[in-house]
Every structure is written in structure tokens, then in C-alpha cells.
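One structure is given below, encoded as C-alpha cells.
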Protein chains: 2
Amino acid sequence: MVKMIEVAKLARVSPSTVSRVLSNSPYVSEETRQRVLEAVKLLEYKPNRLASNLRKMSSKTVVVVLPDITNPFFSKILQGLEDVARENGYHVLLGDTGNSLKLEKDFIDLVRERFVDGLILATARIRKEEILAISQEMPVVLACEYVEGYDIPTVSIDNISAARQATEHLINLGHQRIGFITGPLGVILSRDRLKGYRQALLLHEIPIEEALIQEGDFSVKSGYDIMMKFLAVNPPPTAVFASNDEMAVGAMKAIKHKGMRVPDDVAVIGFDDIPLCTLVEPELTTIAQPKYEIGIQAMEMLLKIIKGEMLVKRQIVLAHQLVVRESCGYNLYRQGGEVETNIHT
Amino acid sequence: MVKMIEVAKLARVSPSTVSRVLSNSPYVSEETRQRVLEAVKLLEYKPNRLASNLRKMSSKTVVVVLPDITNPFFSKILQGLEDVARENGYHVLLGDTGNSLKLEKDFIDLVRERFVDGLILATARIRKEEILAISQEMPVVLACEYVEGYDIPTVSIDNISAARQATEHLINLGHQRIGFITGPLGVILSRDRLKGYRQALLLHEIPIEEALIQEGDFSVKSGYDIMMKFLAVNPPPTAVFASNDEMAVGAMKAIKHKGMRVPDDVAVIGFDDIPLCTLVEPELTTIAQPKYEIGIQAMEMLLKIIKGEMLVKRQIVLAHQLVVRESCGYNLYRQGGEVETNIHT
DNA sequence: CTGAAAGCGCTTACAG
DNA sequence: CTGAAAGCGCTTACAG
């Protein structure tokens, strides 16, 4: 491996000067710069990042902690995060926890070990107090996740309003018995979506039936299983709201397996707006989260913190959007013409 | 930030000893070890990885270069890669190129800069010769991708045989006019799948119609568009083989939009076996690639190279599998009972 | 079993 | 504009 000193010798300068040229310092004469650049080229010199990291006390790397990289929701957020990181000369270390608390802690420790300069948490199983403590001593931004009552930098949507809107969409279509498939209730955004569902029913004076609220785990299978339970209730719900799209698709499967039709017999609405929504039949109506944008903004926020800039806003709430497709029978809607429609292609 | 020297002082030993304790060196007395461990705990000391990296000339990090993290095929491979890396104390740096040659080169350069210890290429746009050169001077493994004629460490399936088997599945079901949607022909595995398709037709003495071979780009949309073209051919093909599942699903959409049915009017078979296959209707018959296993083996291979171990096999070919579901009318098949069926749940 | 010393390859304040 | 020197915080051969 070629070292800087060898380049320096060939260019008849000191290593300091080589370093200056490579870091684009203005304090180098054009002539010297050229000589150094030639030597660099000739020797195919690549600076040793390990050394420069130590000296600068920064690896220009950020760890992104998420529960499952194969989940299209998170991979899209990750893409936004990575794009901004790259544009700013940062790298992303993958922190796939598989929902393991231990792994989550291990990845967080990478910041303490100065292996990475900052931390994005797109999942957070650890206790609130710990998150708060960490966020006070090192650069951290929560993406999607958030912590109530604390002032931790966060980028997310308003899950309560979004879930309320989804539920009201069904109510406006005339549904009174609406099943709700929650996400894991240990996760705050699952609890928020449940809140929104409850608010919508209350607002429209529809009684809440506990039998129509069941906890899923965000998997297709759990959506399927819970829908099967709903269909065994007498009478079954005429509509179902699932806390994410995978569970909604699972619910649709269950309805079809029972020989019923979506949306005619049961309307279905999901949450997130992943690509799958337009690939199933009927296409899934859902609440779109600006996944890529969440990633963008979360990384921009983190880089600001790393650079020591002050944050104007520490909590960013991005807009969600009801995307009306086919799974709730949107034809009815067209007549009212009251709700925004946005059929993605 | 607490440094090692402070721990050493508190424990009344030298930094050397602290280092030995932390690296589990056997040359430390139990008594000393305890004293050091206590000091570490008391001061909440975390060793600075930037320094240790430089000293050891290793970051225990590997970069995984892939074209698109939101693609479920690659994210599953990545999961396998990451699991093995983590088990071995390694980290994964994300190298999402978005198919950009420049980014690909940038990520590869991270190995030259010693920022990472090794490289997994799950996409490879750069020239063969360059890949060969790189693989000779640093640890590299190709996953899925491969280079003909060179002895570069590789883990993949046999794409020719797999595509031949998919095509023969259709032929065995009685189809004679089989459309083929290729992947981008700049990618070797796309060309191999085309080869397999051709071989199958030749083997069964079915004439090859160039109009029934069209190049897609692995997207749902390209599958849709090409299928629309096929349906405009007179007479249209009775079956279609798409080089990946997304394009197959796009083709299914096109068929349905034309008011035709899958598999009754046109049979469809895909490639890869991503989760989507069981979520569309009818469920998609496809060739399953062992994605996770490819990741596992590729990373195991890479770590061996990094550790300087000799590779027994430099080219690993894993088994693919025909997964018969509903999109080719598998009922016909059951009578013959000749083909392995493997309906995933 | 333990410590003093050297050194990993850069970068950067300092001096000129 | 340029160079000599110090130092980032570890690890590890060497000596005892």
C-alpha cells in the first residue's frame, strides 16, 4: 500500500503539503499542486481513511437502526437517508436489529465507541429515558418512531390524525361496523393509530366494540388470521382498517378465501402505501406516508446536529395523504367528491 | 470522552494492561483483570474504535454494493450477508448504487482506502477486467453476479438451467408459443436466462420467434408494457416467462386489463420467488433462488478471504427450485405428477 | 504477568 | 506558500 510519504518524496514536498493538496487547501501553489497530483496519480495513491478518521476523530459514517431491512417501508426510508448521507460525503452503516433489543443496544454503542458519528433510530425498543440520555450526549434523530413528552429530534407523520382520517373515510362511505387491526401495541405509533381510530368512531357517535379491535404484528399472516376472526363475529364488520398495508393485504386474502368480495362485502383500508398496494386486486386504498421524505429530512437533521448547527425545529411532522384506490369502493365517493384522491401509478 | 489512560490510572496499571484485559488476553492475572473491569465500568469507558482500527489496520467492516435496497430480492440477500457478518463481529456498510457506475466505483474505492476490509458485489457494471484486477488485490466476492471465464470468488445459481426448467415447465403444460421477457441484457444473468429459454425451445423443437423475446428492465411497468405488446401479436403467446417476479406480475396485470385470465388464457411464470408471489392472484409460479443462503455463503466466503484462509471452492452454485403455484394452471400438472411442487405459505 | 516504548498514517497548529 | 513536529488513542512486540 502506497503511503503519503512516498508521494511526498516523488513530488519533492513534505507530507503536509500532500495532505493539503488532497484536502483542497487553498494554501498551496498551483505548481506544487500539479506536481503532487501527478505523483498521486502515478503511484495510484489512496489516502488511508483509518488514519484520517483517527486524526479527525470522525468516520463520516452514520448508523441507521431499523427492525427489518426486507420491509419495504423501512427500505424506502433508508434510501432517503442514504441519499442525503452520500450527498454530504457520509456513509451509512446498516443496523438491522431484527427486533432484538440487544442488537439495538449494540448498534447504539457504535456511536459511543466513536465508530460512527451519529445515529438514526427507525425503531426504538429501548426505554424512553435511555433514548433521552443518548440524544443528549450524541447526535441522534428518531425517524417514524417518537417519544412522548421529550424533546428528542424527530421526523414522523401525525399518526393519530392519519388513522382518524382513514377511519372517517370508511365512515363516510357508510360503514358503521369497522374492524381495526392494530400494530404491535408496544410501539407508540401503533397506539397512536388506535387512538385515531377511536377518535373517529367517537366523533361520529359509533359505539366502539372491543371485539373489533385486534392486535397484529404487521405481517401479512397476522392480518389474515385476525380477519378470519372478524369474519367469525356475528354479524361481521363491513369494513376493516389495518395499521399497515401488509396486514391489509392479509385481510383481503382472508375475505376472498371466505368467498366474499372486496370491497363489496368488506371494504379494506391500509396504511403506509408500499408498492404492493397497486399490485393486489383490488388495489389497496391506504394512507400514504412520505417514506423517502422522512428519510431525507431525518438525515438532514442528523447532519446538522453532527455539524453542531442549531435546529430550528426539533420535531418535524410531515403530511400524510389518503390515497383512494379500489379496496373501499371509491365509486361511491366520486359522487360526493369531497375527499382528495390520488391514484398513484 | 474517557480514555484508556484514565482507566489505567484508576486501576493502577498501565494502558497496555487495560488493553489486554479488554481484548481478553490470557496474560493478565485474575486480580488485575477485576480491578481493570471495575474501573472500566465506573468510568463507563468505551474504547475508541477509530484508534483501534488504525492500529489494527482493519475496521471489521465490509461494503455491500447492490443496485437498489428497496428491491426485495437484494434486501433478502443483504439480510443473509449481514447476519453472517454480525456473527463474526463485522459490520456492513451500505453501498446502494442506484445502478450508477460512478457510485459503484466510489464504493469499491472504499476498500482501496482501507475504510472497509472487503467487498461484496451484488451488482457489477464495471468492466470484467477491472473486477478481476480488484479481486486479485483485495477481498471480493460476487453474489448473484458473475464473470465468465475468470476465476473470481462467486456465489450464484445456475441461471441457464433454471430458465430452461421454467420454460420446460410451460412446454410440458402444452404451450408452444411462449413469450419471454428478459432482464436488461447488459447483465450477464439476464443473458443466461435468455440462453436457458432458447435451449428449452430447441430441445423441444419449438421454433424461436424473435417477436416473442423482448427486453425488460426488471420493473413491474416494463413487464406490463411488454405483455401489452405480446398481446398485440397475432396470435398472442399462450404463455409468458418473465426474468423476474416483478415483471411477471406486471404481465399478469396487462393480461387482466385486456380482459383475459391467468392462467386460462395466458400462463405466467416468474423468477426469484419474492414475497409478492403469494400475494397476487393467481399466486405466481416461479423459480425460487435461495436469496438468504446466497448472502450467507457469499459473506462466509468473503470472511475467509479476509482472514487469509484458502478457499476450497471459489465458485459456489446453489440449487434453485421450481415453485409451482397457480399462475400456470398447475392442476394439469398434478395428473402428470412429474414435477416437484413446493407451495410456500 | 506487567510496563515502557514505538508506531499505525494521517492532519494541523505553529513557525518561518 | 511550505515544512518539522506533535499527536489522534489505541495495540503489540520487546524486555523484564
Side-chain angles (χ1 to χ4, degrees), chain A residues 1-40 43-61 89 109-117 138, chain B residues 1-40 43-61 89 109-117 138:
Chain A
M1 223 65 204
V2 183
K3 298 193 221 171
M4 184 175 277
I5 185 80
E6 302 171 44
V7 177
K9 276 179 186 155
L10 185 63
R12 285 167 288 123
V13 294
S14 72
S16 321
T17 299
V18 176
S19 178
R20 283 193 194 96
V21 170
L22 293 176
S23 61
N24 290 312
S25 159
Y27 305 117
V28 185
S29 75
E30 193 46 37
E31 191 201 15
T32 311
R33 181 184 303 278
Q34 289 309 328
R35 253 201 349 268
V36 170
L37 255 22
E38 269 170 41
V40 165
L43 298 174
E44 292 185 38
Y45 171 70
K46 292 276 173 197
N48 183 322
R49 285 277 275 274
L50 264 26
S52 116
N53 285 350
L54 173 59
R55 184 50 231 251
K56 297 202 215 161
M57 273 306 185
S58 153
S59 60
K60 289 249 181 188
T61 302
D109 264 350
L110 293 179
V111 197
R112 292 218 179 82
E113 296 170 4
R114 319 218 60 161
F115 190 63
V116 299
D117 299 348
M138 56 186 110
Chain B
M1 225 65 200
V2 182
K3 298 192 222 169
M4 184 176 276
I5 184 80
E6 303 171 45
V7 177
K9 276 179 186 157
L10 184 62
R12 285 168 288 124
V13 294
S14 72
S16 321
T17 300
V18 176
S19 178
R20 284 192 193 97
V21 170
L22 293 176
S23 62
N24 291 312
S25 158
Y27 305 116
V28 185
S29 75
E30 193 46 37
E31 191 201 15
T32 310
R33 180 183 303 278
Q34 288 310 326
R35 248 192 4 261
V36 169
L37 255 23
E38 270 171 40
V40 165
L43 298 174
E44 292 184 39
Y45 171 70
K46 291 275 173 198
N48 184 322
R49 285 277 275 273
L50 264 26
S52 114
N53 284 350
L54 173 59
R55 186 49 232 252
K56 297 201 214 160
M57 272 307 183
S58 153
S59 60
K60 287 247 181 189
T61 302
D109 264 349
L110 294 180
V111 197
R112 292 218 179 83
E113 296 170 3
R114 321 217 58 160
F115 191 63
V116 299
D117 300 346
M138 54 186 110

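So that the names make sense, note that chain A is the first sequence line, chain B the second, and so on, each numbered from 1. Since the model is a prediction, treat every value here as computed from it, not as a measurement.
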Which residues pass the side-chain contact (heavy atoms from CB on, under 4.5 Å) test with [X], sequence neighbours left out?
| X | result |
| --- | --- |
| A/S14 | A/S16, A/T17 |
| B/L43 | B/V2, B/E6, B/V7, B/L10 |
| B/E44 | none |
| B/S19 | B/M4 |

Discussion item. Run A/V18 and A/K9 through side-chain contact (heavy atoms from CB on, under 4.5 Å) and show every step you take.
Written reply: CA-CA 10 Å; A/V18 176; A/K9 276 179 186 155; over 6 Å; no

Roughly, in whole Å, what's the span from [atom1] in [X] to [atom2] in [N]?
| X | N | atom1 | atom2 | answer |
| --- | --- | --- | --- | --- |
| A/Y27 | C/dT11 | OH | C1' | 15 Å |
| A/I5 | D/dG3 | CD1 | C1' | 11 Å |
| A/M4 | C/dG7 | CE | P | 19 Å |
| A/R112 | D/dG9 | CZ | P | 19 Å |
| A/L22 | C/dG9 | CG | C1' | 13 Å |
| A/E113 | D/dG9 | CD | P | 15 Å |
| B/K3 | D/dC10 | NZ | C1' | 11 Å |
| B/M1 | D/dG7 | CE | P | 22 Å |

What does the list of N/O pairs under 3.5 Å between the protein and nucleotides 14-16 of chain C look like, with a distance for each?
none

CG of B/L54 to OG of B/S59, rounded to nearest 0.5 Å, is 11.5 Å

Looking at CG of B/L110 and CE of B/M138, how far apart are the two atoms once the value is rounded to the nearest 0.5 Å?
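Interatomic distance, B/L110 CG to B/M138 CE, rounded to 0.5 Å: 10.5 Å.
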
Flag side-chain contact, heavy atom, 4.5 Å: B/R35 against B/V13:
yes

**Request:** Kindly indicate whether the side chain of B/M57, heavy atoms from C-beta on, has any atom under 4.5 Å from the side chain of A/L50.
**Result:**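 Touching, per the 4.5 Å side-chain cut-off.
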
Judged by modelled atom types alone, do A/Q34 and A/E30 share a side-chain donor-acceptor pair under 3.5 Å?
->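 Yes, A/E30 and A/Q34 have a side-chain donor paired with an acceptor closer than 3.5 Å.
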
* N or O in side chain of B/S23 less than 4.0 angstrom from D/dT11 OP1/OP2 -> no

What residues 9-18 of chain B contributes to the DNA chain C interface at heavy-atom separation below 4.0 Å is B/V13, B/S14, B/S16, B/T17

ask   = Can you list every pair that meets salt bridge (charged side-chain N to carboxylate O under 4.0 Å, His left out) and has a residue in residues 49-58 of chain A, with sequence neighbours left out?
value =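 Pairs touching residues 49-58 of chain A that pass the test: A/R49-B/E113.
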
Here DNA chain C, pairs taken as Watson-Crick or G-U under 3.5 Å and shown with ( ), [ ] when crossing and | when to another strand, reads |||.||||||||.|||

Identify, with sequence neighbours excluded, every residue that meets side-chain hydrogen bond (donor to acceptor under 3.5 Å, both in side chains) alongside [X].
| X | result |
| --- | --- |
| A/S29 | A/T32 |
| B/S58 | B/D117 |
| A/R114 | none |

task: Could you measure between the two C1' atoms, the one in C/dT12 and the one in C/dG16, and give it in whole Å?
output: 16 Å

- Strand contacts (DNA chain D) in residues 44-59 of chain A, 4.0 angstrom heavy-atom criterion: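 Correct list: A/L54, A/R55, A/M57.
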
What's B/T32 touching, base or sugar-phosphate or nothing? Going by heavy atoms closer than 4.0 Å.
sugar-phosphate

